[in-house]
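First the structure, which I've put down as structure tokens, then a few questions once you've had a look.
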Amino acid sequence: MELHECQILDLKSIRKLDSDKGIKDLALSCVAFANSKGGELYIGFEDLTHAPLEGQRISEEKHNDALKRLKGNCYNVAMESSGILATEAGEEYFVIKVFPSVNTFASTSDGRYYIRVADQNVPMRSEDFQRLAYEKEEYLWETVKTRSHVEDIPIERIHALCESIRASERVKKHIKQMSDVEIMENYMLTDEGALTNLGVLWLGDSNQRNRLVYPITVQYIVYDSREQKIRKVDWHENMLNPEQLLLEIEEQATELRYSFDVQVGLFRKPVHHYNPKVIRELLINAFAHKSYAISGDILIEVYTDRFEISSPGSLPLGVTKDNILHQRIRRNPHLIRLLSDLCLMEGEGSGYDLIYELNAMDAKQMPVLESDFNSVKVTQYSAIQNMALLPLFDYVNNSYPSLTQKNLIAFGLIAINEKIYSTDLTRLLQLSENARLRSYVDNLLGLELIISRGVKKGTQYVVNPRLIDGVRLNIPTTLKTIEPHRLKALIEEDLRLHPDSMISEIASRLPDVERKDIQRWVYNMARSGELTTNGGKSSRRYSLV
């Protein structure tokens, strides 16, 4: 049983139950979960081993006392216990399930407020209270009943939606067997015959949607090379539901469908400025994660080299530009479920994985994310970073069907960067530790698509030269991927011709080599006595012995 701490899971030692300080620490985790989207506290798992102590046993009395003391050390926290459980080896533990505090702020008994961000419990700042208040309002927005009744909606409109749900391969069998009324209630479109806000958004007419606070409104603006506005289309009449609006935008956004031809061997291959699946995911994300408690349009701005999508509201608490690839926090869970079940978006939490995969395989820059309290903006650039890599990516995609999405993302990033350190790849993939990198690169190493050099934090990854030779790519030669022993010889030759040089001067004469590689070798050679040094730390010069 292998567990890892994350946004919705925390591991705590059984020894926490033996002291008041330990109980307060457990209560703090419960408060953080309650102020987020809930979570589970596994009590009986050690921090270092992520496993229970050998032979660990928990009495019913100790379990009940822990639950009682926990409830007494936090306010506005709803929790329940799993009871005492056991691993396959017989060690005992229990799980506290914490429910999200929808209507109130949770706090510890001594007045401290925390929130869960990734795998950490973080003290709430003053600005977080306002953001959290919006989050709670947005969480309730979908299910609030309106004055519109299901009988106000044409029956054929309801039946068409229900048939689309029944036809979806993502919908479970027992839901497909429900009646239209039961499906409407299951997806929170109705409540006791009244349409919810979500029901009006999806099934209502323009008059009904106009009464919502706030429906989806969109502006689409195109700029020329001087960033002068040349075309604008807007959707402010609330005539369309989210699915219809998505398809209408895709049809009207002709500038996003532009492409150009790339020479591939004897043939020319059309390459889109923007992959249609990337456009779809970014648009649907703007719909799904929009703040419906804040007034504002979704703004799509198209420039000659990029397009930008801005939507009202900040990122959900706990999500940042540095962890969005792995965080699974939903702002509008019922809308997201409906969009996903209708196959309008990728499965829950996998949209950005698909965007990263498609950009990596198209040799494109990953989307740039900016967020403040009022809005989120995503920028996608159209430029291909290295045209020569496209035949390689086509070959790998077609010849290695066993590669996972993680493998393709990592391979694309390694190829685009030509050579990359494991620490830098971990950062680009937004991983919390190097150990998690194995699921991205181990298969690539096993298939010999990439090779590694160095150890631990000095590990480097490059595309296997034999693969490039086999595909017969015309990739320009670069010193960036030079082997370590050859780089050392190159530095020695440079210092033989230019003694008493600073690292910056050596780097300027070897522009294709990364400066940190030069720096690493110069420091190692100085420590081993192969180089002499002269001057202070900031102006140190090196010469051969």
Side-chain angles (χ1 to χ4, degrees), residues 1-102 105-124 317-318 323 326-330 349 431-439:
M1 182 178 187
E2 187 173 355
L3 298 172
H4 294 281
E5 293 183 343
C6 62
Q7 179 73 30
I8 58 173
L9 191 147
D10 202 1
L11 305 178
K12 295 295 183 182
S13 169
I14 193 66
R15 291 187 284 253
K16 293 283 186 182
L17 304 181
D18 297 332
S19 66
D20 289 339
K21 182 179 179 181
I23 290 291
K24 288 181 178 180
D25 183 55
L26 297 177
L28 189 148
S29 291
C30 292
V31 166
F33 279 138
N35 281 329
S36 303
K37 300 298 183 183
E40 293 183 333
L41 195 61
Y42 278 68
I43 299 178
F45 284 74
E46 299 301 304
D47 289 338
L48 295 179
T49 63
H50 292 183
L53 296 170
E54 185 176 352
Q56 179 172 282
R57 296 291 182 269
I58 304 174
S59 68
E60 193 66 46
E61 180 182 1
K62 188 170 189 176
H63 164 263
N64 292 337
D65 180 64
L67 195 59
K68 178 181 177 181
R69 293 167 69 193
L70 265 181
K71 290 181 177 179
N73 274 272
C74 46
Y75 297 144
N76 298 320
V77 176
M79 65 179 77
E80 66 179 17
S81 174
S82 65
I84 299 173
L85 305 173
T87 65
E88 292 181 0
E91 286 90 3
E92 294 180 343
Y93 66 97
F94 61 96
V95 180
I96 300 292
K97 183 175 182 179
V98 180
F99 298 94
S101 179
V102 177
F105 295 112
S107 73
T108 61
S109 59
D110 55 359
R112 292 182 294 164
Y113 295 83
Y114 279 76
I115 193 163
R116 188 78 172 173
V117 177
D119 59 352
Q120 300 293 321
N121 302 321
V122 179
M124 287 178 61
L317 272 172
N323 67 15
H326 304 288
Q327 284 303 322
R328 303 291 184 260
I329 299 179
R330 301 177 297 172
L431 301 174
S432 57
E433 53 189 28
N434 275 346
R436 294 181 61 192
L437 190 60
R438 290 199 299 269
S439 62

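This one's a predicted model, so the numbers in the text were calculated from it and none came from an experiment. Along the sequence shown, residues carry numbers from 1.
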Worked verdict on Q120 versus E5 for side-chain contact (heavy atoms from CB on, under 4.5 Å): CA-CA 9 Å; Q120 300 293 321; E5 293 183 343; 5.7 Å; no
L53 and E91, any side-chain heavy atoms less than 4.5 Å apart: no
Flag side-chain contact, heavy atom, 4.5 Å: L41 against C30: yes
Criterion salt bridge (Lys or Arg N to Asp or Glu O under 4.0 Å) against D18, the qualifying member of R69, K62, K12: K62
Interatomic distance, T87 atom OG1 to F45 atom CZ [nearest 0.5 angstrom]: 7.0 Å
Sub-4.5 Å side-chain heavy-atom contact between L17 and I23: yes
Partners passing side-chain contact (heavy atoms from CB on, under 4.5 Å) against E80 (at least two apart in sequence or in another chain): K97, F99
Pairwise side-chain contact, R112 with L28, heavy-atom cut-off 4.5 Å (strictly under): yes
Side chains of N73 and K24 in contact at under 4.5 Å (non-hydrogen atoms): yes
Donor-acceptor pair, side chain of E92 and main chain of I84, under 3.5 angstrom: no
Side-chain donor/acceptor of H50 to backbone N/O of H4, under 3.5 Å: no
4.5 Å side-chain heavy-atom contact, N35 and Y114: no
Side chains of M79 and L67 in contact at under 4.5 Å (non-hydrogen atoms): yes
Gap separating the SG atom of C6 from the CG atom of N323, nearest 0.5 angstrom: 12.0 Å
Donor-acceptor contact below 3.5 Å, side chain S81 vs main chain G83: yes
Aromatic plane relationship, F105 with Y113 - under 30° parallel, 30 to 60° tilted, over 60° perpendicular: perpendicular
Spatial distance of atom CD1 (I43) from atom CZ (F94) [nearest 0.5 Å]: 4.0 Å
Gap between atom CE of M124 and atom OG of S107 - 0.5 Å precision: 10.5 Å
Residue pair S101 / N76, side-chain donor-acceptor N/O under 3.5 Å: no
Q7 side-chain N/O to R116 backbone N/O, donor-acceptor pair under 3.5 Å: yes
Where A106 and A34 come nearest, the two heavy atoms and their spacing: CB-CB, 3.7 Å
Point-to-point distance, once rounded to the nearest 0.5 Å, from OH of Y42 to CG of L9: 5.5 Å
Verdict with supporting geometry, D10 and N121, side-chain contact (heavy atoms from CB on, under 4.5 Å): CA-CA 10 Å; D10 202 1; N121 302 321; 3.8 Å; yes
I96 and L26, any side-chain heavy atoms less than 4.5 Å apart: no
